[in-house]
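Structure record follows, encoded as structure tokens.
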Amino acid sequence: MPEIQYKLNSGEFFNKEKEKIPTVGEFAKISFDIHKGHRKESSLNRMNSAYNKHIVPYFADIRMDKIKPSHVSTWQNTLLEKAKLSPKS
């Protein structure tokens with residue numbers, strides 16, 4: 001786990017020539033695995049539920065290096081429309 005964290009912090013995790021760039025889904029699995037020992041089961045269940053409901057349908061199969069700010073803005077707007085929330089909520 002410390003190796004993965006180092007690679008994430010140094011940018012080496014996304015080195016295209018040495019390693020395959022993960023999709024959001026692959027990265028999320030790694031992240032959930034790294035943190036599962038440090039969180040309560042109820043917290044993990046809540047985060048997993050939110051991830052599956054809000055992230056998976058939009059980003060799970062997209063490589064991390066392919067997500068652009070415009071993707072995130074469009075996703076946020078979609079969530080706001082579905083929930084009928086104001087942007088400041």
Side-chain angles (χ1 to χ4, degrees):
M1 288 192 297
E3 181 182 345
I4 292 172
Q5 290 173 330
Y6 169 78
K7 287 180 179 183
L8 287 171
N9 292 332
S10 70
E12 187 180 338
F13 191 82
F14 299 108
N15 187 336
K16 294 178 184 179
E17 295 175 12
K18 291 185 179 180
E19 296 184 33
K20 175 185 175 261
I21 297 172
T23 64
V24 171
E26 292 166 341
F27 181 79
K29 182 183 180 333
I30 292 167
S31 180
F32 283 130
D33 287 346
I34 288 171
H35 297 291
K36 71 180 172 187
H38 307 288
R39 295 192 174 123
K40 291 194 267 181
E41 188 172 341
S42 60
S43 295
L44 290 171
N45 290 339
R46 182 179 43 81
M47 285 188 252
N48 201 13
S49 176
Y51 167 75
N52 286 319
K53 181 178 180 181
H54 299 295
I55 306 294
V56 169
Y58 300 94
F59 297 110
D61 296 326
I62 301 175
R63 281 184 9 190
M64 295 289 290
D65 66 331
K66 298 296 182 186
I67 296 176
K68 298 178 180 167
S70 60
H71 294 122
V72 176
S73 293
T74 300
W75 169 72
Q76 288 174 321
N77 290 337
T78 300
L79 292 180
L80 289 171
E81 288 172 16
K82 283 185 177 181
K84 303 215 188 295
L85 298 173
S86 71
K88 295 183 181 179
S89 293

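Scope of the values below: all heavy atoms of this structure, side chains included, with no hydrogens, waters or symmetry mates. In this text, all values refer to a predicted model and were calculated from it rather than measured experimentally.
Separating the CZ atom in Arg39 from the CZ atom in Phe32 is a distance of 8.0 Å, to the nearest 0.5 Å. Between atom CZ of residue Phe27 and atom CD1 of residue Ile62 there is a gap of 15.0 Å, rounded to the nearest 0.5 Å. Note that CD1 of Ile21 is 11.0 Å distant from CD of Glu26, once rounded to the nearest 0.5 Å.
Proximity of a side-chain donor or acceptor of Trp75 to a complementary backbone N or O of His54 within less than 3.5 Å is detected. A donor-acceptor pair under 3.5 Å is formed between the side chain of His71 and the backbone N or O of Lys68. Side-chain N or O atoms of Ser73 include one that pairs as donor or acceptor with a backbone N or O of Pro69 at under 3.5 Å.
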Can you give me every donor-acceptor pair (side chain of residues 41-51, partner residue at least two apart or in another chain, under 3.5 Å) with its distance?
unit_1, atom_1, unit_2, atom_2, d
Asn45, ND2, Glu41, O, 3.3
Asn48, OD1, Asn52, ND2, 3.4

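Just one residue in the list Leu79, Thr78, Val72 forms a side chain to side chain contact (heavy atoms under 4.5 Å, CB included) with Gln76, and that residue is Val72.
Inter-residue side-chain proximity for Thr23 and Met64 is flagged as unmet; no heavy-atom pair is nearer than 4.5 Å.
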